[in-house]
Amino acid sequence: MAQMAAQTGARNQMRKAGRHFLQIPGPSPVPDRIMQAIAMPVIDHRGPEFQKLGHRVLEGIKTIFQTKSPVVIYPASGTGAWEAALVNTLSPGDHVLMYESGHFAALWKALATKLGFHAEIIASDWRHGVDANAVEARLRADTARTIKAVCVVHNETSTGATSRIEDVRRAIDAAQHPALLIVDTISGLGSADYKHDAWGVDVGIAGSQKGLMLPPGLSFNALSDKALAAAKTSKMPKLFWSWEEMLPHNRNGYFHYTPATTLLYGLAEAIDMLAEEGLDAVFARHQRHAAATRACVAAWGLENLCTEPAHFSPVLTTVVLPAGHDADRYRRLVLENFDMSLGTGLSKLAGRAFRIGHLGDINDLTLLGALSGCEMGFQLAGVPHEAGGVAAAMAHLAATAPAKPA
Ligand SMILES: *Cc1c(COP(=O)(O)O)cnc(C)c1O
């Protein structure tokens, strides 16, 4: 113990020049503009200054969800917003249908089960997003209409697969099923295109620390009229999560308990930054960086966990290491030598795979720095690979550089 403490102390004293590379798929690096926006005095959350901020973020966040409906903001991580979506719309014992896109879908199912819902999950191999045909078939078979909600993960952060939510909507409509559509876009919002209204999503769930470029600590429920109607008949006990408690206060710019005031300044700044770049440009940037990363992984001769090109994630790429090579030892060497954090393999992928986050406040050179660290890490760890991954990424970026105004 004493030795460990001494080592930790020594490491803390060692100055590391340059920025830490936080290349995990959330939290993502927080831009200086947002850090500065957050560095504000704490104000009276029932005063006039807060009211302006409240209106600003409650209106602004709708543009990010691409919705006209209310969005509830919680001082909580994404897990809280998962729980909020279920307890506001459902009643004890209700049947929900989920799809096992990966670790996060499985965790959400565990949460639903703990809360006393009958959570059914369509099993899958974690190598692609939601199969909308399987959802449609299950809904058609539910002739008694016992399924109250279809719950799917938009961007599965454990695997690097992005599901086509518009296809899930079509599946529900094709089966003429009345179930709500509840979507976890915790790691999608602000990075992958998400159209709450156009896709007919009833509850959209997001968090602050991924595409929104904020520190952890805020999460969101975007609603629909149908979700609001379901809330009227929901019999789950709730107060902290209750939309019906929150919304009357929100209409005046306030919250029904003390909100995370300083993080909300950051949220206002994040909304401005996304608007300045333009949402479409933000999504295109993520797609381009993801494609460059995949070109790099392919040139290394390594395997992308996601095998369905239509579901390749703009947010992260999960790389499977050759059998016999420990991905966590590799990640440790990268951290120690290059001061870069890569995402660990989650649950059944532990030790077998690592994740490269390419979301949030990232430019071409950030990405190339990250991929260089990965490639040098393979050499250190003795992971067999082809050279030239970074060169392939550079070639992709050069060939697809967005036109600059003259
Ligand atoms: C990060 C994440 C979560 C969990 O969010 P927390 O903020 O850690 O509670 C859930 N689902 C997905 C898809 C995520 O990426």
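Atoms within a ligand are numbered from 1 in the order they appear, just like the ligands themselves. On a predicted model such as this, the values are computed, not experimentally measured, just so you know. Both backbone and side-chain heavy atoms feed into the values below; hydrogens, waters and symmetry mates do not.
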Is it true that a side-chain atom of Gln23 and a backbone atom of Gly357 form a donor plus acceptor pair closer than 3.5 Å? yes
Indicate yes or no: does Arg140 engage Glu136 in a salt bridge with an N to O separation below 4.0 Å. yes
How close do Trp82 and Ile205 get, heavy atom to heavy atom, and via which atoms? N-CG2, 3.9 Å
Phe220 side, atom CZ; Leu212 side, atom CG - distance, nearest 0.5 Å: 5.5 Å
Ring centres under 6.0 angstrom apart (Phe240, Tyr257): yes
Extract all N/O-N/O pairs under 3.5 Å that connect ligand 1 to the protein, and present each with both atom names and the distance rounded to 0.1 Å.
| residue | atom | partner | partner atom | Å |
| --- | --- | --- | --- | --- |
| ligand 1 | 7 (O) | Gly78 | N | 2.8 |
| ligand 1 | 7 (O) | Gln209 | NE2 | 2.8 |
| ligand 1 | 9 (O) | Ser77 | OG | 2.6 |
| ligand 1 | 9 (O) | Gly78 | N | 3.2 |
| ligand 1 | 9 (O) | Thr79 | N | 2.8 |
| ligand 1 | 9 (O) | Thr79 | OG1 | 2.5 |
| ligand 1 | 11 (N) | Asp184 | OD2 | 2.7 |
| ligand 1 | 15 (O) | Thr157 | OG1 | 2.4 |
| ligand 1 | 15 (O) | Lys210 | NZ | 2.7 |

Judged by atom type as modelled, is there a donor-acceptor pair below 3.5 Å linking the side chain of Lys148 to the main-chain atoms of Ser91? no
